[in-house]
Chemist: 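Structure incoming, see below.
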Amino acid sequence: MSISALSLTDLEPSSCQDLRFILTDFDDTLTWEGQLPVATLQALAQLEAEGIKVIPVTGGCAGWSDMIARALPVDGVITEGGACFIGRTADRHLTYSFWRDESEMRAEQAHILTQVESVLRQFPRLRLARDQAYRLTDVAIDYAQDVKPPAVADKNACLAALIAMGLNAKASSIHINVCSQGYDKFSMAQRVLRDVYGLSDAQQQEQVLYVGDAPNDESMFARFPLSVGVANIVEHLSIMRHHPRYQTTQPGGLGFAELADFVLLARQA
């Protein structure tokens, strides 16, 4: 499709009638300028009250995602780029389901970390993300979270170097995330929707909407017909192969709240 996505107003309200799940990136999709807007929190609560399950799908660390699953009105969190699903039971206990055996993934993480540290010596402006100690499976390189101004040129060169080494590396709006081969946001989302919630592939196409803001959301944009980018995705579209079908007028969590308002109104029609 063209770089210009359709407006939310082009989304047929009837498409929202069967909607049961909203899967969403977190940083710069639910948050904006590093914070969770009040309007976003209200939108999450309203969607939960309407029976729509929201599941963040994030490259953020497992420690952060554990807090999200405990503190926010969401149904669970797919964390570290698809490595693990943190689910929530009816009595609000958390369960962890890894893509592969946890000990195997932890061993792979240690090997990846050694490789990443060797590459980082070439890029003094880049550094391991502050939350690296709270990651269970992947390695995150900060280029725009605490690195100010964002080191975009170094990010692009580092990402290319990591990929040239055969590493599975993708860029979010703040980090480069490096993880084991064999999974991404979509593969774990598909598994969770099928095994935890009982959705067939056809039902996933009809009952799930995805919203994101960055290149590491491409696997989701490519496979979910109902896909939305918040307004700040515009800065990344030129380097992305797969784009969201629709786009909000507001950025980050304000755009998510805009989307939630549209969905809730459409379901009342």
Side-chain angles (χ1 to χ4, degrees), residues 3-5 24-40 56-65 67-68 79-81 112-113 115-135 138-165 167-179 185 211-221 228-244 247-258:
I3 288 181
S4 297
T24 176
D25 180 61
F26 201 90
D27 291 300
D28 293 323
T29 301
L30 288 181
T31 64
W32 185 237
E33 297 182 335
Q35 296 188 335
L36 185 73
V38 171
T40 311
V57 186
T58 178
C61 69
W64 171 231
S65 300
M67 186 282 297
I68 294 169
T79 187
E80 298 189 10
I112 291 169
L113 180 59
Q115 295 174 287
V116 167
E117 288 177 332
S118 70
V119 173
L120 281 181
R121 297 189 188 103
Q122 305 171 42
F123 303 100
R125 286 205 63 206
L126 306 182
R127 60 193 183 205
L128 292 177
R130 294 289 188 187
D131 67 9
Q132 185 59 47
Y134 311 112
R135 291 179 177 272
D138 74 341
V139 176
I141 300 167
D142 182 7
Y143 77 88
Q145 186 175 44
D146 295 318
V147 174
K148 304 295 181 185
V152 176
D154 284 349
K155 178 263 291 187
N156 292 336
C158 182
L159 182 62
L162 293 167
I163 292 173
M165 292 173 63
L167 291 171
N168 184 17
K170 296 182 177 68
S172 73
S173 60
I174 56 173
H175 293 156
I176 297 173
N177 296 99
V178 192
C179 65
K185 286 187 172 186
V211 54
D213 75 299
N216 68 339
D217 296 308
E218 285 191 84
S219 66
M220 305 292 270
F221 294 146
V228 177
V230 287
N232 43 299
I233 198 172
V234 68
E235 65 185 279
H236 303 293
L237 291 176
S238 64
I239 62 169
M240 293 170 60
R241 291 179 56 207
H242 303 289
H243 301 152
Q247 189 171 309
T248 67
T249 62
Q250 296 295 310
L254 302 176
F256 181 89
E258 177 187 344

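Nothing fancy with the numbering, it's 1 onward along the sequence.
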Chemist: Has the side chain of E258 got a donor or acceptor atom that lies under 3.5 Å from a matching backbone atom of G253?
Modeler: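 Checking the backbone N and O of G253 against the side chain of E258, no donor-acceptor pair under 3.5 Å is found.
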
Chemist: Can you give me the closest heavy-atom contact between Q122 and S118, atom names plus distance?
Modeler: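 Where Q122 meets S118 most closely, the heavy atoms are NE2-O, 4.4 Å.
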
Chemist: Quick one: does N156's side chain have a donor or acceptor within less than 3.5 Å of a partner on A153's backbone?
Modeler: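 No.
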
Chemist: Please check if the side chain of Q132 supplies one atom and the backbone of A140 the other of a donor-acceptor pair under 3.5 Å.
Modeler: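 Yes: the side chain of Q132 pairs with the backbone of A140.
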
Chemist: Verify, without hydrogens or angle tests, whether H175 (side chain) and Q145 (backbone) share a donor-acceptor contact under 3.5 angstrom.
Modeler: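 No, the answer is negative, given that no donor and acceptor are paired below the 3.5 Å cut-off.
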
Chemist: Just so I know, are the side chains of V211 and F256 near enough to count as touching, which here means a heavy-atom distance under 4.5 Å?
Modeler: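 They are in contact (side-chain heavy atoms under 4.5 Å apart), so the answer is yes.
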
Chemist: Decide whether S172 and N216 meet the rule of one side-chain donor and one side-chain acceptor closer than 3.5 Å.
Modeler: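 No, no side-chain donor-acceptor contact under 3.5 Å.
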
Chemist: Would Q115 and V139 satisfy side-chain contact (heavy atoms from CB on, under 4.5 Å), going step by step from the backbone distance to the final call?
Modeler: CA-CA 10 Å; Q115 295 174 287; V139 176; over 6 Å; no

Chemist: Give me the atom names and distance for the closest heavy-atom approach of V178 to A169.
Modeler: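 Shortest heavy-atom separation between V178 and A169 comes out as CG2-CB, 4.1 Å.
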
Chemist: Step by step, work out the side-chain contact (heavy atoms from CB on, under 4.5 Å) result for E235 and V152.
Modeler: CA-CA 12 Å; E235 65 185 279; V152 176; over 6 Å; no

Chemist: Counting only N and O atoms by type, is there a donor-acceptor contact under 3.5 Å from the side chain of T31 to the main-chain atoms of D28?
Modeler: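 Yes; at least one donor-acceptor contact below 3.5 Å.
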
Chemist: Treating T248 as the side-chain partner and A231 as the backbone partner, does any N or O pair qualify as donor plus acceptor under 3.5 Å?
Modeler: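 Yes, T248 side chain to A231 backbone: donor-acceptor pair under 3.5 Å.
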
Chemist: Has D142 got a side-chain atom pairing as donor or acceptor with A144's backbone, closer than 3.5 angstrom?
Modeler: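 Indeed, once roles are kept as given, a pair shorter than 3.5 Å links the two residues.
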
Chemist: Determine whether a donor-acceptor pair (N or O, by modelled atom type, separation under 3.5 Å) exists between the side chain of N232 and the backbone of G252.
Modeler: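 Such a contact is found between N232 side chain and G252 backbone.
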
Chemist: Kindly give the heavy-atom pair with the smallest separation between V119 and A161, and that separation in Å.
Modeler: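 Closest approach of V119 to A161, heavy atoms only: CG1-CB, 4.2 Å.
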
Chemist: Are the side chain of E218 and the backbone N or O of R241 linked by a donor-acceptor pair below 3.5 Å?
Modeler: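 At least one qualifying donor-acceptor pair exists.
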
Chemist: Where do P251 and V230 come nearest, in terms of heavy atoms and distance?
Modeler: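 Closest approach of P251 to V230, heavy atoms only: C-CB, 4.4 Å.
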
Chemist: Applying side-chain contact (heavy atoms from CB on, under 4.5 Å) between S173 and each of I233, D25, D213, report the one that passes.
Modeler: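 Checked I233, D25, D213 against S173; only one passes side-chain contact (heavy atoms from CB on, under 4.5 Å): D213.
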
Chemist: Of the non-hydrogen atoms in E80 and Y134, which two are nearest, and what is the gap between them?
Modeler: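 Answer, listing the atom of E80 first, then Y134: OE2-O, 4.0 Å.
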
Chemist: For V57, is there any backbone N or O sitting under 3.5 Å from a side-chain donor or acceptor partner on K185?
Modeler: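 Here the side-chain-to-backbone pair exists.
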
Chemist: So which heavy atom on P244 is nearest to which on V228, and how close?
Modeler: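 Between these two residues, the closest heavy atoms are CB-C, 3.6 Å.
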
